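Structure, as structure tokens:
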Amino acid sequence: MGESVAEATITNWLKEVGDRIEVDEAVLEIATDKVDSEIPSEVSGVLVEKLFQKDDLVQVGQTLGIIETEGGAAVAQAAPVVVEVSAPVAPAVEAVAKTVENAREFVAAPAASQPQDYTHSEKFFSPLVRNIAKEEGISVAELESISGTGNEGRVTKNDLLDYIKNKVNAPVAAAPAPVAPEVPQPTVVAPSPVEAVQPTTDNRQPTTTKAAPVSVNGQDEIVEMDRMRKLIAGYMVQSVQTSAHVQSFIEVDVTAIWDWREKNKNAFEKREGEKLTFTPIFMEIVAKALKDFPMMNISVDGDYIVKKKNINLGMAAALPNGNLIVPVIKNADQLNLLGMAKAVNDLGNRAKAGKLKPDDTQGGTYTVTNVGTFGSVFGTPIINQPQVGILALGAIRKVPAVIETPEGDFIGIRKKMFLSHSYDHRVVDGALGGSFVKRVAEYMEAFDENRSF
């Protein structure tokens, strides 16, 4: 699913136990923060067991289900999501699963306790670490006692899993434990040691039951938000509550960019087979400005500032269903205009077609949104956490403007637009936020009309 994706939620099983599955046929649908994907099978066979259910949150690398293949020979290599086994070893696999489940229940039983609040700890723990600790019943004191191997001694996911593994093994050796029946060892890729001993709880996302609103006059239509809209709503509220939003606005003359694109767009489309829009031109300029102001290319982690080495530009895009998604152009500062145009068009087309991969939306360090697409002159965009800035591009308009020349000033028609820069006032002051957007405007106005693409 991409190296920056750690977990996903099962949104739907497309196959039921006993169903026949062909190679490359979709078995289930999963969702990360913003992208939905279908998981295909790498083998033909019959689905004999589901290890997780709809709405379960699953870590990358965990086994989701078992497919019984034909031919009698066990398949020794596990697929990334579904483990394949042959018919003769299916009973043994079930026995192993029951044994592991018994052990998990035995260890997990004493872990039931009151929910822990890790936010009041003096140490910083990532959301993933807090979620694992909460599910496993790890107290705040226990979590604080773990020696971390991460940056500044922070506790990583692996540190916590190792602690859980040792904690699970210790009481099993010291206290009487249920005797697990011996089972023959099947030729199948079994769960890793950490998975085998890790206590489990209900992996489903917490849900609150709330009655749907009722139309008083009987004419209003009540429509439940879809999953993505609920996520977006949560992210927007979280961002406003997290960052102290401040905005700077600047008007910029983009006549040179407008004229250059008009002169070159047909030749570009004829040579490259795709359209040349304003977006890659603006993204190239933003990436250049971020190199001049590296303190805009940061994130906030507790009381620490993380200076990002790579410049990964998020590109806000509206989906046909009205939702919003932000695919990311990785290492944008290393792309020339042609490479930027290819990346923008590829991500934009795949976003509209619903073909983005989970990793396509991960790792952004700064975001650009084009509110001018819908005719807005400027806007006040909300920061995409944990970034500290987002730039909104307004609509390009023909306006009368004062043009300064050595011979004197005169009024002329120019193409102008507004840039709206929202930034996190916790770590970005007005001098930095204003200077950055001013540098973007300077690069736009100094655009070379004689350059090639």
Side-chain angles (χ1 to χ4, degrees), residues 1-71 73-87 89-90 93-94 97 188-192 195 202-205 207 224-232 317-328 346-362:
M1 292 177 59
E3 61 182 35
S4 60
V5 183
E7 59 189 15
T9 301
I10 298 175
T11 56
N12 187 32
W13 277 94
L14 303 177
K15 295 291 182 179
E16 298 298 331
V17 173
D19 286 354
R20 172 75 185 176
I21 300 172
E22 301 298 333
V23 175
D24 293 331
E25 187 176 5
V27 181
L28 70 159
E29 295 174 341
I30 58 96
T32 59
D33 287 351
K34 293 182 179 179
V35 178
D36 296 346
S37 300
E38 290 184 345
I39 302 299
S41 173
E42 294 189 352
V43 297
S44 296
V46 176
L47 182 63
V48 297
E49 186 177 1
K50 297 179 184 178
L51 301 181
F52 292 91
Q53 300 302 320
K54 181 180 177 181
D55 295 331
D56 283 352
L57 182 66
V58 186
Q59 301 298 313
V60 169
Q62 286 187 291
T63 304
L64 302 186
I66 298 174
I67 293 178
E68 184 177 286
T69 61
E70 299 175 349
V75 179
Q77 181 180 1
V81 178
V82 182
V83 174
E84 313 101 40
V85 300
S86 64
V89 300
V93 172
E94 292 179 2
V188 60
V189 177
S192 67
E195 292 175 354
D202 188 357
N203 287 323
R204 299 187 180 185
Q205 298 277 21
T207 57
E224 184 180 3
M225 290 188 286
D226 60 23
R227 186 192 64 84
M228 182 176 288
R229 176 50 53 186
K230 293 176 183 177
L231 287 171
I232 293 173
L319 298 176
N321 61 4
N323 287 326
L324 180 73
I325 198 166
V326 186
V328 176
D346 172 60
L347 290 174
N349 291 335
R350 287 197 286 123
K352 292 177 182 177
K355 299 296 184 182
L356 288 175
K357 300 176 181 178
D359 203 44
D360 290 330
T361 61
Q362 306 293 323

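Because the structure is a prediction, the values reported are computed rather than measured.
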statement: In short, Ser44 meets Glu22 closest at the heavy-atom pair OG-OE1, 3.6 Å
field: Where Ile30 and Ala8 come nearest, the two heavy atoms and their spacing
entry: CD1-CB, 4.1 Å
Euclidean distance, Ile67 CD1 relative to Ile21 CD1, rounded to 0.5 Å: 4.0 Å
message: Any heavy-atom pair between the side chains of Glu16 and Lys50 that's under 4.5 Å?
response: yes
message: Could you report the tightest heavy-atom contact between Ile325 and Ala351, atom names first, then the distance?
response: CG2-CB, 4.2 Å
query: Does a sphere of radius 6.0 Å around NZ in Lys352 hold more than 12 heavy atoms from other residues, nucleotides or ligands, not counting ones at 6.0 Å or beyond?
result: no
Given Thr9, Thr11, Ile10, the one that forms side chain to side chain contact (heavy atoms under 4.5 Å, CB included) with Glu29: Thr11
- request: Calculate, to the nearest 0.5 Å, the distance between atoms CG and CD1 belonging to Leu324 and Ile232 respectively.
  value: 5.5 Å
- prompt: Which value, rounded to the nearest 0.5 Å, describes the distance between Leu347 atom CG and Lys357 atom NZ?
  reply: 11.5 Å
- prompt: For the atom pair CD (Glu25) and CD1 (Ile39), what is the distance rounded to the nearest 0.5 Å?
  reply: 14.0 Å
query: Do you know the tightest heavy-atom contact between Ala26 and Leu14?
result: CB-CD1, 3.5 Å
Straight-line distance of Glu42 CD to Thr69 OG1, nearest 0.5 Å: 13.0 Å
Smallest separation among heavy atoms of Val27 and Ser41, with atom names: CG2-CB, 3.7 Å
query: Under a 4.5 Å cut-off applied to non-hydrogen side-chain atoms, are Glu68 and Glu49 in contact?
result: no
field: Heavy-atom pair with the smallest gap, counting every atom of Phe52 and Gln62
entry: CZ-NE2, 3.9 Å
query: Just wondering, do Leu51 and Leu64 contact through their side chains at under 4.5 Å, heavy atoms?
result: no
task: Answer whether the closest heavy-atom distance between the side chains of Ile66 and Val48 falls below 4.5 Å.
output: yes
- line: When rounded to the nearest 0.5 Å, the distance separating CG of Asp360 from NZ of Lys355 is 13.0 Å
